[in-house]
Number of protein chains: 2
Amino acid sequence: MSSPTTAPTLDEVARTAGVSRSTASRAINGGDRVSPEAQAAVDAAVADLGYTPNRAARSLVTRRTDSIALVVPEPDERILTDPFLAGTMRGVSAALGGTDLQLVLLFARPDEQPGRIVRYLRSGHVDGAIVASHHRDDELEEALLATRLPAVFVGRPFHPTPDLLYVDVDNVEGGRLAARRLVEAGRRRLATITGPQDMTAGVDRLTGWNEVLDAAGIAHDAVEAGDFALAGGAAAMERLLAEHPDIDGLFAASDLMAEGAMRVLAQHGRRVPQDVSVVGFDDLATAATTSPPLTTVRNPMITMVRDATDMLLDLVANGSKDFTPRVLAPELVERASV
Amino acid sequence: MSSPTTAPTLDEVARTAGVSRSTASRAINGGDRVSPEAQAAVDAAVADLGYTPNRAARSLVTRRTDSIALVVPEPDERILTDPFLAGTMRGVSAALGGTDLQLVLLFARPDEQPGRIVRYLRSGHVDGAIVASHHRDDELEEALLATRLPAVFVGRPFHPTPDLLYVDVDNVEGGRLAARRLVEAGRRRLATITGPQDMTAGVDRLTGWNEVLDAAGIAHDAVEAGDFALAGGAAAMERLLAEHPDIDGLFAASDLMAEGAMRVLAQHGRRVPQDVSVVGFDDLATAATTSPPLTTVRNPMITMVRDATDMLLDLVANGSKDFTPRVLAPELVERASV
DNA sequence: TTGTAAGCGTTATCAA
DNA sequence: TTGATAACGCTTACAA
C-alpha cells in the first residue's frame with residue numbers, strides 16, 4: 001500500500017497486475033470475459049493500490065452519473081422541523097443501500113431565481129430524480145415531462161399523465177377513514193383543519209372527509225386551512241373554537257396540526273376525547289406520545305419512499321416506462337383521542 | 001431553441017457562435033481574455049442551445065467535482081425525527097446558495113460494511129465534506145486526517161488537531177449555564193439526563209454541569225444517560241424518579257429529552273416548575289411550545305452550520321489550512337420551566 | 001485575443 | 001480471453 005500524492009489510476013492497476021487496461025477495466029466491472037488469473041491479479045492490485053474508479057471519467061463515457069437527486073421544492077422554514085422530510089431522506093438513502101448510487105439533495109431556496117432546480121435536472125448531472133413535497137406551482141411536472149429524465153413523485157402530482165410516475169397513499173380514503181371514525185363515535189359537530197390546498201395531499205384528505213360528511217348528512221362548514229405544521233394547527237384551532245364553539249369532533253390533516261390543536265383545546269378546557277374527539281394523519285413517532293395518544297390515519301411513508309426509489313432505480317436501469325402509479329392503502333390507528 | 005435528443009456540447013456552442021472551442025470555454029468560464037463580441041456570440045449560442053457544461057468532462061480535467069458531502073454517521077432511526085439534522089441540511093443547502101456546488105448526502109446505513117463512507121470520501125468524488133453528528137468510534141477523524149480532503153466538523157471531534165477544523169457551540173459553558181440557573185433558583189437536589197457519551201456534545205455538557213455543581217458543593221449523583229431523543233429522555237426520567245424521588249431540578253441535555261422528561265414528571269404528579277425546575281438544551285422550535293414553555297440553553301445551530309460551510313468553501317477554494325476552530329457562545333433562554 | 005492540440009481516466013469496439 | 005485504439009466533453013498550455 002503506497003501513499004500516493006495522487007489517486008491511483010486504472011493504468012497503474014493494470015500495470016501492477018500485469019494486464020492491459022482493458023482487462024483491468026473488465027475485471028473491475030463485473031469480471032465478464034476475464035480469466036480467473038487475470039481477475040485475481042487485478043483484484044490484488046486494486047486492493048494493494050487502494051484504487052477507486054474515477055467517477056467523472058467513467059461517467060463521461062458511460063453517460064451515467066450514478067447519482068440521483070432528491071428534490072424538495074419546499075422553500076419555507078418548515079423543513080427545519082418536518083419529520084416527514086427527514087424520513088424521506090432516510091428512506092431514499094436506505095433504498096439506495098447495496099447500489100453505489102449517490103444521493104444529491106436539491107432544496108429549493110427561498111430567494112433563488114426560479115428554474116434553478118429544473119435547469120440542474122435537465123443538464124444530465126443525475127440519472128433520475130425523486131420529487132417530494134411537491135406544490136402546485138413549482139412547475140416541476142411540466143419540466144420533468146419535457147426532459148426525458150426518469151423521475152418519480154412521492155405524492156400524486158396535480159396533473160397525472162401516464163408518463164408521470166408517482167407513489168402515494170390514498171389520501172381521499174384517509175380522509176374518509178377519519179370522518180367515518182368520528183361519525184361512528186357519535187360525533188355530529190365535526191370540524192377539520194386541512195393541509196395546504198396547493199398540495200394534493202391537502203386537497204385529497206379534505207375531499208374524502210367531505211364525501212363522508214355529505215353521505216352522513218352532516219354539515220361541513222367548520223373548515224380551517226393549516227400548513228401541516230404544529231403552530232398552524234394551533235392557530236386554526238383557535239379560529240375554529242371562536243366560530244364553532246360547539247365542535248365535538250376534529251380531523252387534523254397531520255399529526256403535527258392535531259398536536260397543536262389539542263394543546264389549544266386543553267387551554268380552552270376542552271377534554272380530549274370526552275368533549276372533543278380528535279383524529280390526526282400520518283402516525284409519526286409523536287402521535288403515540290401526545291396526550292392523550294392520538295388516533296390517526298397511518299401514512300406508510302417509509303414504504304412509499306422505498307417504493308418510489310425502487311421504481312426510479314428500475315426506470316433508470318431498464319428505461320421501461322410501463323409502470324403504474326402505486327397508491328397505498330391508509331389505515332386507521334386507534335389510540336385514545338376519539 | 002432546438003429540441004435535441006442529446007445535450008448540446010461545447011463544440012456546438014462554439015460552432016454556432018462562430019468561435020473556437022477554447023474561446024467558447026473561456027467565455028463560459030468567467031470571460032477572461034475574450035473580446036466583447038466573442039463573449040456576446042457565445043452567450044447567445046449558450047442561451048439558444050440551452051447549453052449546460054457536462055460536469056463529468058469538466059471535472060475530469062479540472063479535478064474538482066463541484067460538490068461537497070454532508071456526512072451523517074448516525075446509523076439509527078433517530079434521524080427520522082431529529083430536527084437538528086434537518087436543520088443541518090437546510091443550513092448547508094442555504095450556505096451553498098450562490099455557488100453552484102451540489103450537496104451529496106452520505107448517511108450511514110444500519111447494515112453497511114464499515115468504511116463505505118470513508119472510502120467514498122477518499123476517492124475524490126467530492127471536493128470537501130461537512131461531518132455532522134459525529135460519534136467517537138466512526139473512525140472519521142483519522143480517515144479524514146489521512147486524506148487531504150478538506151473537511152469541517154459540526155461539533156468538536158474527539159481528538160482535535162490543528163488540521164481538524166470544526167465549528168461548535170461551547171457545550172461546557174452550556175452545561176454551566178444550565179447548572180447555574182438551577183442553583184440560582186434555589187434548587188439543591190439536582191439531576192441531569194445526559195446526551196450520548198460517545199459524542200463530544202454529550203460529554204461536554206455534562207462536564208460543565210459537574211463543574212458548577214462541584215463548585216457549589218452540590219452532589220451530582222443523579223445522572224442518567226439519554227440519547228438526545230424524546231423517548232430516551234422519558235425513560236431516563238423514570239429511572240431518576242425511581243432512584244432519586246426528591247429531585248427538585250433537572251437539566252436535560254436536549255430539548256427533546258426535556259420534553260420527554262416533563263411528560264413523565266406530569267404523569268407522576270410533579271409540577272414544573274413548582275416541584276421541579278427543568279432546563280433543556282438546543283432551543284429548537286418545540287422548546288417554546290412545551291407546557292410549560294421550556295427554559296433552555298440556546299444552541300446556535302443555524303449559525304454553526306453556516307459557519308462550517310463557509311469555512312469549508314474557503315478551504316476548498318484557497319486550500320489555506322490556517323483556520324482556527326470556531327466556538328460559539330451559548331445563551332440561556334428563559335421561559336417558564338424554572 | 002484567438003486557435004491548435006494535448007490530455008484528464010474511463011469504457012467500448014473490434015480484431016487478434 | 002485479451003489488448004490496441006478510439007471516443008466521451010471539457011480545460012489549458014502554448015503558439016500564433
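Naming convention: chains lettered A, B, ... in sequence-line order (proteins, then strands); numbering from 1 in each chain.
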Using distance alone, with no hydrogens and no angle criterion, decide if B:S22 and B:S25 have a side-chain donor and acceptor under 3.5 Å apart.
->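 Absent: no donor and acceptor within the cut-off.
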Please name all residues satisfying side chain to side chain contact (heavy atoms under 4.5 Å, CB included) with [X], sequence neighbours left out, ordered by chain then number.
X: B:A17; result: B:V19, B:A41, B:V42, B:A45
X: B:A69; result: B:V71, B:L106, B:L121, B:V126, B:A129
X: B:V327; result: B:Y166, B:D170
X: B:R63; result: none

Is there a side-chain contact between A:R58 and A:R55, using heavy atoms and a 4.5 Å cut-off?
->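 They are not in side-chain contact.
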Using a heavy-atom cut-off of 4.0 Å to chain B, what are the terminal contacting nucleotides of DNA chain C, in 5' to 3' order?
->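 Under 4.0 Å from chain B, the extent on DNA chain C is C:dT1 to C:dG9.
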Where do A:A108 and A:P73 come nearest, in terms of heavy atoms and distance?
->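 Heavy atoms only, the tightest pair is CB-CA, 3.8 Å.
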Considering all heavy atoms of both residues, which atom of A:T88 and which atom of A:A132 are nearest to each other, and what is their separation?
->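 Minimum heavy-atom separation between A:T88 and A:A132: CG2-CB, 4.1 Å.
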Interface with DNA chain D, restricted to residues 21-32 of chain B and to heavy atoms under 4.0 Å |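 The stretch gives B:R21, B:S22, B:S25, B:N29 as the residues lying under 4.0 Å from the strand, ordered by number.
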Sub-4.0 Å heavy-atom contacts from residues 34-45 of chain B onto DNA chain D, ordered by number |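 When residues 34-45 of chain B is checked for heavy atoms under 4.0 Å from DNA chain D, there are no hits whatsoever.
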Nearest 0.5 angstrom please: [X] [atom1] to [Y] [atom2], how far?
X: B:L313; Y: B:L96; atom1: CG; atom2: CG; answer: 6.0 Å
X: B:E141; Y: B:D163; atom1: CD; atom2: CG; answer: 12.5 Å
X: B:L149; Y: B:Y120; atom1: CG; atom2: OH; answer: 10.5 Å

N/O donor-acceptor pairs under 3.5 Å from side chains in residues 301-311 of chain A, not counting sequence neighbours:
residue	atom	partner	partner atom	Å
A:D307	OD2	A:R326	NE	3.2
A:T309	OG1	A:V305	O	2.8

Which residue pairs pass the side chain to side chain donor-acceptor pair (under 3.5 Å) test with at least one member in residues 93-108 of chain A, sequence neighbours excluded?
->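 Every candidate side chain to side chain donor-acceptor pair (under 3.5 Å) pair involving residues 93-108 of chain A fails, so no pair, neighbours aside, qualifies.
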Assign each of B:G18 and B:L60 to its nearest nucleotide of DNA chain C by heavy atoms, then name whichever residue's nucleotide is nearer the 5' end.
->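 Between the two, 5'-proximity favours B:G18.
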Looking across every strand, which nucleic acid part, if any, lies under 4.0 Å from A:R58 by heavy atom: base, sugar-phosphate, or nothing?
->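 Result for A:R58 = sugar-phosphate.
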Give every residue pair that meets the salt bridge (charged side-chain N to carboxylate O under 4.0 Å, His left out) criterion with at least one member in residues 18-43 of chain B, sequence neighbours excluded.
->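 As it turns out, the salt bridge (charged side-chain N to carboxylate O under 4.0 Å, His left out) pairs with a partner in residues 18-43 of chain B, which skip direct neighbours, are B:D11-B:R21.
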When you list every nucleotide of DNA chain D with an atom under 4.0 Å from a heavy atom of chain B, which one comes first 5' to 3', and which comes last?
->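 Nucleotide range with atoms under 4.0 Å of chain B: D:dG9 to D:dT12.
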End-to-end bend of the helix from C:dT1-D:dA16 to C:dA16-D:dT1 (five-pair axes, 10° rounding)?
->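 So the angle between the two local helix axes works out to 30°.
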Between B:H134 and B:F158, how do the two ring planes meet: parallel, tilted or perpendicular, split at 30° and 60°?
->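 Perpendicular: the ring planes of B:H134 and B:F158 meet at over 60°.
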